[in-house]
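This report concerns only the one structure given below.
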Amino acid sequence: MSAAKVYGSIFSTCTQRVLVTLEEAGAAYQLIDVSMQAGQHKDPTYVAEKHPFAKVPTYEDESVKLFESRAICRYLANRYSQKVDLLGSELGLALMEQAASVEYSYFDPPFKGLAYEKIFKRMMGHGEPDAHLVNVYEEQIHQCFDYYESLLAKQTYLAGNTYTIIDVFHLPWFAFVDKLGIGQEVETRPHLLAWWKLVSQRPAWNAVRRKIG
Ligand SMILES: N[C@@H](CCC(=O)N[C@@H](CS)C(=O)NCC(=O)O)C(=O)O
């Protein structure tokens, strides 16, 4: 089995999601840097051959070519299910899908929005944070964390009592809580804090963190 190729950037949260899953599986992979800063993801050849929407990451191995980080993680969790169970097989499809949908609908969008307003907007020369939008995103994160706190009072991980790709999906943005000035939102929720302490200690996540530097 030759090493899989991940076209992406170590600074991209979507790329990190895929790398964590590969690390969990102990799979060999090569990260081929696509510099977003240099606009390489918009290069017509890259768009034609790797990602029709001009984004990262894209994944390739001897049998498949895929884009969309969560789809890649699902594929990898299936491919390496003999080595590590990240599919929450015993949890049932409905609970896994519900947890996946919560992440995609209520966790990821406000984090992405807040990170843009508070960090990337200035960095990209797009101006100052919009105070109204910051409030909206913070309120959405507050609501999502309230739900997670009540959920994690009853189970260890976000999809049940097994660590799954749903937990993996959350790691890259969750690591931004302090930079986004919302550390208190975690500190004041003991079950959410306990979950974060548990998942952020995983060797696979730390292997990717070391690459981020
Ligand atoms: N839903 C896609 C999102 C891909 C995406 O937005 N990637 C970001 C990096 S995390 C990107 O390529 N941004 C560059 C751009 O939008 O120009 C996934 O999960 O793979």
Side-chain angles (χ1 to χ4, degrees), residues 4-25 27 29-61 64-79 86-87 96-127 129-130 133 137 140-141 144 158-159 164-177 179-180 199 204-205 207-209 211-213:
K5 290 186 180 126
V6 179
Y7 294 84
S9 162
I10 193 63
F11 303 112
S12 130
T13 51
C14 308
T15 305
Q16 291 165 17
R17 205 173 275 136
V18 170
L19 301 188
V20 174
T21 309
L22 283 158
E23 292 281 349
E24 286 287 353
Y29 68 89
Q30 195 189 348
L31 174 63
I32 296 159
D33 186 54
V34 177
S35 167
M36 292 190 291
Q37 223 175 350
Q40 286 176 348
H41 58 304
K42 296 187 175 156
D43 179 272
T45 309
Y46 176 83
V47 175
E49 291 177 6
K50 305 294 180 204
H51 202 304
F53 297 97
K55 307 273 183 198
V56 295
T58 286
Y59 170 93
E60 284 179 12
D61 63 30
V64 80
K65 207 168 164 177
L66 283 172
F67 61 92
E68 287 301 305
S69 62
R70 293 167 185 83
I72 300 166
C73 294
R74 280 174 208 278
Y75 163 77
L76 292 170
N78 270 298
R79 186 182 198 207
L86 294 171
L87 292 167
M96 278 295 281
E97 283 309 311
Q98 177 179 272
S101 194
V102 168
E103 185 273 332
Y104 196 66
S105 307
Y106 311 116
F107 173 85
D108 188 82
F111 261 86
K112 205 181 279 173
L114 195 60
Y116 175 70
E117 288 301 327
K118 284 194 164 175
I119 303 173
F120 301 120
K121 202 172 184 179
R122 271 198 204 104
M123 217 181 251
M124 295 162 95
H126 291 178
D130 177 323
L133 284 178
Y137 295 138
Q140 289 172 348
I141 290 170
C144 180
L158 291 171
T164 67
I165 48 170
I166 309 302
D167 299 289
V168 173
F169 291 172
H170 287 76
L171 298 177
W173 277 131
F174 211 93
F176 271 80
V177 287
K179 280 193 195 134
L180 294 175
V199 295
W205 170 240
V208 174
R209 295 284 294 171
K211 287 186 209 264
I212 301 168

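One-based numbering, in listed order, for ligands and for the atoms of each. All of these numbers come straight from a predicted model, not from anything done at the bench.
- Legend: salt bridge (Lys or Arg N to Asp or Glu O under 4.0 Å) pairs involving residues 8-17, not counting sequence neighbours, sorted by first then second residue: Arg17-Asp108.
- In summary, the aromatic rings of Tyr7 and Tyr46 are positioned with their centroids too far apart to meet the 6.0 Å limit.
- Counting heavy atoms from C-beta on, the side chains of Phe169 and Phe107 never come closer than 4.5 Å.
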One line per pair, note the atom names and distance for all nitrogen or oxygen contacts under 3.5 Å between ligand 1 and the protein.
unit_1   : atom_1 : unit_2 : atom_2 : d
ligand 1 : 1 (N)  : Glu68  : OE1    : 2.7
ligand 1 : 7 (N)  : Val56  : O      : 2.9
ligand 1 : 12 (O) : Val56  : N      : 2.9
ligand 1 : 16 (O) : Lys55  : NZ     : 2.6
ligand 1 : 17 (O) : His41  : NE2    : 2.9
ligand 1 : 19 (O) : Ser69  : N      : 3.3
ligand 1 : 19 (O) : Ser69  : OG     : 2.6
ligand 1 : 20 (O) : Ser69  : N      : 2.8

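- When the side-chain hydrogen bond (donor to acceptor under 3.5 Å, both in side chains) test is applied to Lys118, the partners found at least two apart in sequence or on another chain are Glu138.
- Annotation: the span from Leu19 atom CG to Ile10 atom CD1 amounts to 5.0 Å, rounded to 0.5 Å.
- Remark: Tyr137 engages no residue in a side-chain hydrogen bond (donor to acceptor under 3.5 Å, both in side chains) (not counting sequence neighbours).
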